[in-house]
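Notes follow once the structure below has been shown.
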2 protein chains.
Amino acid sequence: MSKQPKYRQVADALRREIDNGTYPPGSRLPSESELSARFDASRNTVRSGLGLLVTQGLVTSSQGLGYEVAKHEVFELNASRFEDLSFPQIGDAYSTDVTNAGRRPHQTFRVEIRPAPEEVAARLKVEPGSRTVLRFCHRFVDDVPWSTQATYYPAWLADEAPRLAEPGDIEEGTTRYLAERGTEQVGYFDEISTRMPTPEEARALEVGAGVPVLLWMRTGYTVDRPIRCTITTFRGDLNRVNYEIGDQSGRENEPQ
Amino acid sequence: MSKQPKYRQVADALRREIDNGTYPPGSRLPSESELSARFDASRNTVRSGLGLLVTQGLVTSSQGLGYEVAKHEVFELNASRFEDLSFPQIGDAYSTDVTNAGRRPHQTFRVEIRPAPEEVAARLKVEPGSRTVLRFCHRFVDDVPWSTQATYYPAWLADEAPRLAEPGDIEEGTTRYLAERGTEQVGYFDEISTRMPTPEEARALEVGAGVPVLLWMRTGYTVDRPIRCTITTFRGDLNRVNYEIGDQSGRENEPQ
DNA sequence: TAGTGGTCTAGACCACCTC
DNA sequence: AGGTGGTCTAGACCACTAC
């Protein structure tokens with residue numbers, strides 16, 4: 001066991017105390033100067049240690065207030081059931097899910113005509129930079145920024161289904177609207193990845209350092225071509241994505 | 001537009017230069033003292049700025065060498081196809097996938113009898129702390145630590161299928177072995193989340209600060225009960241998890 | 001040996017919150 | 001006003017890498 005630098009000792013000691021309940025979620029840590037005295041270290045060294053905990057997402061800090069132990073309430077998103085048309089629903093799936101969880105949803109919405117970003121163009125099988133309709137959603141739960149969702153539709157589809165490019169919500173859901181016009185999504189391909197937020201994402205989702213984002217990209221297909229690409233960016237500390245695959249009867253049964 | 005602190009200006013300037021190709025992936029950044037002169041800032045301030053880029057996973061640093069712009073090669077894991085028995089395969093799915101990608105796989109493996117962690121117990125519908133068989137895998141690609149995978153089996157199943165608790169690989173795959181003994185996995189439930197690594201995970205996966213982990217938890221079921229829970233921890237910068245759901249013919253077609 | 005990043009200190013001043 | 005964290009400096013010494 002080699003000797004750890006002092007700022008790591010500070011971080012490790014505080015992490016232990018957070019884990020064992022000395023500082024429960026939501027509580028305040030001692031101030032920098034108190035910790036400085038306790039660990040016989042300069043304020044800067046203590047700050048380095050606290051900085052580690054912040055970048056690990058364990059605590060948050062705010063000027064004038066102090067350091068607070070982070071709370072973790074995760075919200076589950078069932079991705080495999082999310083847009084199954086055989087589950088009839090009123091309004092969009094997101095509001096339904098959030099309301100069922102006893103939380104208060106809220107979203108802002110806009111529609112733009114935009115050149116296709118490279119990533120999206122490849123998935124929609126169109127030229128990079130070609131015209132797409134972007135329907136963009138910024139979602140909140142109990143007024144906390146939760147996720148952003150950007151769905152791109154290729155120009156040819158927007159011509160066939162003009163309401164896609166009109167501002168304002170599509171009451172029955174876009175998937176259903178498209179299905180009614182003969183463009184039925186029969187399959188999709190999901191890609192899930194994670195990384196630290198860009199400065200823009202950090203602003204949109206109000207995440208501090210130390211909270212990664214969860215990226216969920218869904219490309220939807222008819223029997224012969226892609227019709228949409230949806231990129232959802234979640235706060236990683238508040239969300240989990242689930243898939244149910246195959247027969248689920250063994251999951252719902254009571255333990256014997 | 002309010003004035004940014006100097007260390008952010010440093011980070012933003014360097015981030016722009018990384019994005020626009022001035023410092024391509026794999027290249028070295030100027031040294032701290034050079035940057036200190038360029039930005040007319042103290043070395044500590046420059047270090048704060050570089051620290052931001054490190055915690056965002058954009059650059060890595062090493063003592064005596066300097067700062068290097070991170071490379072990103074992501075490896076795709078097809079989760080929906082991963083254990084489908086209708087795709088016959090030799091050896092385990094991981095080695096197959098990695099070899100197909102032209103990379104060199106390598107893994108260490110061990111089996112233990114362990115009390116069920118709370119998370120696992122809930123999913124296996126057994127008492128927390130009750131006996132489980134843990135089959136643990138530490139996986140490398142081209143000698144880079146890639147992921148760890150821990151699969152827990154309940155005690156009752158290990159009694160029925162004794163090879164589960166024996167050390168050493170199961171040649172044909174555990175899923176296939178269990179199916180041959182009459183315990184067929186007919187469905188599974190996947191949960192995907194992300195967070196910053198714990199110190200242990202950081203050590204096992206050799207990730208620096210600024211790289212989140214991607215957690216993939218799969219619970220497998222027979223028609224009437226859970227039979228296993230697999231927790232895979234990936235380096236978030238190197239992996240992506242995919243799902244194919246529904247009819248995929250529209251994905252594989254050529255663009256018209 | 002020279003140059004790099006890693007750790008640590010002491011002290012200054014500022015911005016924000018609470019009382 | 002007094003306490004909190006946020007920014008910044010100047011300088012010291014250590015550890016690692018390259019040559």
Side-chain angles (χ1 to χ4, degrees), chain A residues 1-14 18 23 26-70 199 202-203 206-211, chain B residues 1-14 18 23 26-70 199 202-203 206-211:
Chain A
M1 212 52 188
S2 66
K3 188 183 180 298
Q4 292 274 13
K6 203 183 273 188
Y7 76 95
R8 279 188 189 282
Q9 297 176 27
V10 171
D12 290 345
L14 292 173
I18 290 169
Y23 302 113
S27 66
R28 285 240 346 245
L29 254 41
S31 72
E32 292 179 349
S33 50
E34 287 177 278
L35 293 171
S36 174
R38 168 176 163 194
F39 290 104
D40 187 31
S42 76
R43 185 178 157 225
N44 282 337
T45 300
V46 167
R47 281 180 63 78
S48 298
L50 288 165
L52 271 189
L53 300 182
V54 170
T55 62
Q56 285 164 4
L58 267 171
V59 307
T60 60
S61 69
S62 33
Q63 211 169 30
L65 286 175
Y67 291 85
E68 182 170 319
V69 181
R203 204 172 333 109
E206 287 176 25
V207 287
V211 177
Chain B
M1 211 53 186
S2 65
K3 187 180 181 298
Q4 291 275 12
K6 203 183 272 190
Y7 77 95
R8 278 187 191 280
Q9 296 175 26
V10 171
D12 290 344
L14 292 172
I18 289 169
Y23 303 112
S27 66
R28 282 228 2 233
L29 254 41
S31 72
E32 293 180 349
S33 50
E34 287 176 277
L35 292 172
S36 175
R38 168 176 163 196
F39 290 104
D40 186 32
S42 77
R43 186 179 157 225
N44 282 337
T45 301
V46 167
R47 280 179 64 78
S48 298
L50 288 165
L52 270 189
L53 300 182
V54 169
T55 61
Q56 287 163 3
L58 266 172
V59 308
T60 60
S61 70
S62 36
Q63 212 169 31
L65 287 174
Y67 291 85
E68 182 170 321
V69 181
R203 203 173 332 110
E206 286 176 25
V207 287
V211 177

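Below, chains carry the letters A, B, ... as their sequence lines are ordered, and counting in each starts from 1. Everything numeric here is computed off the predicted structure, so don't read it as measured data.
- Formation of a donor-acceptor pair under 3.5 Å by the B:Lys6 side chain with backbone atoms of B:Asp40 is found in this model.
- Atom-to-atom, CD of A:Gln9 to C1' of C:dC8 comes out at 13 Å; the value is rounded to the nearest Å.
- Summarising the geometry, the separation between CD on A:Gln4 and C1' on D:dA15 is reported as 15 Å, rounded to the nearest angstrom.
- Considering CZ of B:Arg43 and OG of B:Ser31, their distance stands at 9.5 Å, rounded to 0.5 Å.
- Sorted by first and then second residue, the side chain to side chain donor-acceptor pair (under 3.5 Å) pairs with a member in residues 57-70 of chain A read A:Glu32-A:Tyr67; sequence neighbours excluded.
- Atom CZ in B:Arg8 sits roughly 20 Å away from atom P in C:dC14 (whole-Å rounding).
- Just one residue in the list A:Leu14, A:Leu58, A:Leu53, A:Ile18 forms a side-chain contact (heavy atoms from CB on, under 4.5 Å) with A:Val69, and that residue is A:Ile18.
- We find that NZ of B:Lys6 is positioned 19 Å from P of C:dA12, with the value rounded to whole Å.
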Identify all pairs in which a protein N or O lies below 3.5 Å from an N or O of nucleotides 2-5 of chain C, and state each distance.
| residue | atom | partner | partner atom | Å |
| --- | --- | --- | --- | --- |
| C:dT4 | O2 | B:Gly64 | N | 3.4 |
| C:dG5 | OP1 | B:Glu32 | N | 3.4 |
| C:dG5 | OP2 | B:Glu32 | N | 2.9 |
| C:dG5 | N2 | B:Gln63 | NE2 | 3.1 |

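- In this structure A:Arg38 satisfies the side-chain hydrogen bond (donor to acceptor under 3.5 Å, both in side chains) test together with A:Glu17, sequence neighbours excluded.
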Query - Worked check of side chain to side chain contact (heavy atoms under 4.5 Å, CB included) between A:Leu35 and A:Leu50 - result: CA-CA 10 Å; A:Leu35 293 171; A:Leu50 288 165; 4.1 Å; yes
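- For the pair A:Phe39 CZ and C:dT7 C1', the computed distance is 17 Å after rounding to whole Å.
- A straight line from CG of B:Asn44 to P of D:dG6 spans 16 Å, rounded to a whole angstrom.
- Phosphate proximity of C:dT9 to A:Thr45: present, with a side-chain N or O under 4.0 Å from OP1 or OP2.
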